[in-house]
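Values below: all heavy atoms of this structure, side chains included; hydrogens, waters and symmetry mates excluded. By convention in this document, chain letters (A, B, ...) are assigned in the order of the sequence lines, proteins followed by strands, and residues within each chain are numbered from 1.
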2 protein chains.
Amino acid sequence: MTETEPQKSGTIRDRQYQAIIDAAIEEFSRHGFRATSVQAISDRVGTSKANVHYYFKNKETLYSKVLDHIVILWNSSFDQIRADEEPAVALERMIRAKVRLSYTHASASRLFANEILQGAVHLGNYLRHTQRQWVKNKVSIIQSWIDSGKMDPVDPAHLIFLIWSSTQHYADFETQVLTILNRAEYEEEMIDAIAEFLCQVILKGCGLRD
Amino acid sequence: MTETEPQKSGTIRDRQYQAIIDAAIEEFSRHGFRATSVQAISDRVGTSKANVHYYFKNKETLYSKVLDHIVILWNSSFDQIRADEEPAVALERMIRAKVRLSYTHASASRLFANEILQGAVHLGNYLRHTQRQWVKNKVSIIQSWIDSGKMDPVDPAHLIFLIWSSTQHYADFETQVLTILNRAEYEEEMIDAIAEFLCQVILKGCGLRD
DNA sequence: GTCTATACGACGATAGAC
DNA sequence: GTCTATCGTCGTATAGAC
């Protein structure tokens, strides 16, 4: 955190700021940018519409701050896999971390999905620079594992997409998954079972098990 | 098609009706229900807002008609896999069909994703009945393959979710995928490569290859 | 620092002329 | 069957009282 970013505890201002951000994540994640009203956010905080505008000059900047928040979370959570690791170990760690992230930060995941689905208007630069570079880096590591015969020759970029899609699915399509499985909400053991299932199929699918 | 559903060709009424449905799919798929305006739909058709209200009494019923449209498409495209088939053949056919569907009907896929993401308010009944039954049926077929030792013991429901998520990803997260791969749009050969990649990893991951 | 009041545009929807 | 005009509501955003 920098000194320009308010802290959770401290002055009323800082607590209000954080409360608005938290409420905004929930609202934006369910309805996207356009369909979310400042009224809904202020209701959730328990303050007035006008007060939200006092802290954030308009809806756009509030949305941007929320996205910044999530991008920082994403970047810090994306595991740094290294070329000198065993691919089975590194990929399993990556899959398990992403499954947990989808569980602990489901709203953030849905907000991200909403933004991409609608064309990533506000995240274009992040995708083009930060994330493209991140993928490029991981692709070259995976390729080095393939070249040294440690795993099957699979397309590294699509492997990353497969890990992203299969793990995020449980956050983004939570409603569908829970409805079909006839559950009210996820439980710890179900999350572990999902991680175990994905590790089994994906790692074996890359020639890293059995 | 029933006689209550207008045809593509025929009277002006029928052509207009279909044009509005098509435009609505595009708008709703990008922005979801709430953030889509009837104005945007009528602009896309090239008619007036009032005229859309002449064909559909309100936004809600238009949205419902569009969802019906997509559900029918989904149901007719979901391959009927049978217990007496070889699992490798049946699952490969299912994966390839879903990859193609994400390519040829990307907007429909995104609209569906938007609806689930926002809590599936309009699709709750479909998920609870039609789709849950469909999954139940496929789960028992996959389980029979496992019981007869034809494939590894993997959780059948999660296998279906894996196939759904990994294939839909290329439609729903199209913007992210294309940006990271630095492409303007998908090409036929890329779609084939994706299908091949997913078949390789998922089938091998279930003990159905090598 | 928070609240009331309000401006003003866009929205969904309808009525009525043609 | 389509168009213009218009209604009431809700949206974002601001000004000013306290």
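Between B/Arg30 and B/Glu26 there is no salt bridge, since no side-chain N of the basic residue sits under 4.0 Å from a carboxylate O of the acidic one. A salt bridge is absent between B/Glu60 and B/Lys65: the closest approach of a Lys/Arg side-chain nitrogen to an acidic carboxylate oxygen does not fall below 4.0 angstrom.
Projected onto DNA chain C by closest heavy-atom contact, A/Arg34 and A/Asn51 fall at different nucleotides, the more 5' of which corresponds to A/Asn51. Nearest-nucleotide positions on DNA chain C for A/Lys49 and B/Lys59 put A/Lys49 closer to the 5' end.
In this structure, B/Ser48 reaches the D/dC3 phosphate: one of its side-chain N or O atoms is under 4.0 Å from OP1 or OP2. Note on B/Asn58: every side-chain N or O is 4.0 Å or more away from OP1 and OP2 of C/dG12. Contact check, B/Thr47 against D/dG1: no side-chain N or O comes under 4.0 Å of OP1 or OP2. Distances shown here put a side-chain N or O of B/Tyr54 below 4.0 Å from the OP1 or OP2 atom of D/dG1.
If you take CZ of A/Phe28 and P of D/dT12, they are 9 Å apart, rounded to a whole angstrom. The separation between A/Glu60 atom CD and D/dA13 atom P is 9 Å, rounded to whole Å. For B/Tyr63 and C/dA13, the OH to P distance is 15 Å, given to the nearest whole Å. Between A/Ile41 atom CD1 and D/dC10 atom C1' there is a gap of 15 Å when expressed in whole angstrom units. In this structure, A/Phe56 atom CZ and D/dT14 atom P are separated by 15 Å, rounded to whole Å. Following rounding to the nearest Å, B/Gln39 (CD) and C/dG9 (P) show an atom-to-atom distance of 15 Å.
Distance from the side chain of B/Tyr55 is smallest for D/dT2 among the nucleotides D/dT4, D/dT2, C/dT2. Each of C/dA13, C/dT4, D/dA13 was ranked by its minimum atom distance to the side chain of A/His53; first place goes to D/dA13.
Between the side chains of A/Asp172 and A/Ser109, at least one donor-acceptor pair of N or O atoms lies under 3.5 Å.
Using a 4.0 Å heavy-atom cutoff across all strands shown, B/Thr36 reaches sugar-phosphate atoms only and no base atom.
Counting heavy atoms from C-beta outward, B/Ile160 and B/Trp134 have side chains that approach closer than 4.5 Å. Between B/Leu62 and B/Ile41 the shortest side-chain heavy-atom distance falls below 4.5 Å.
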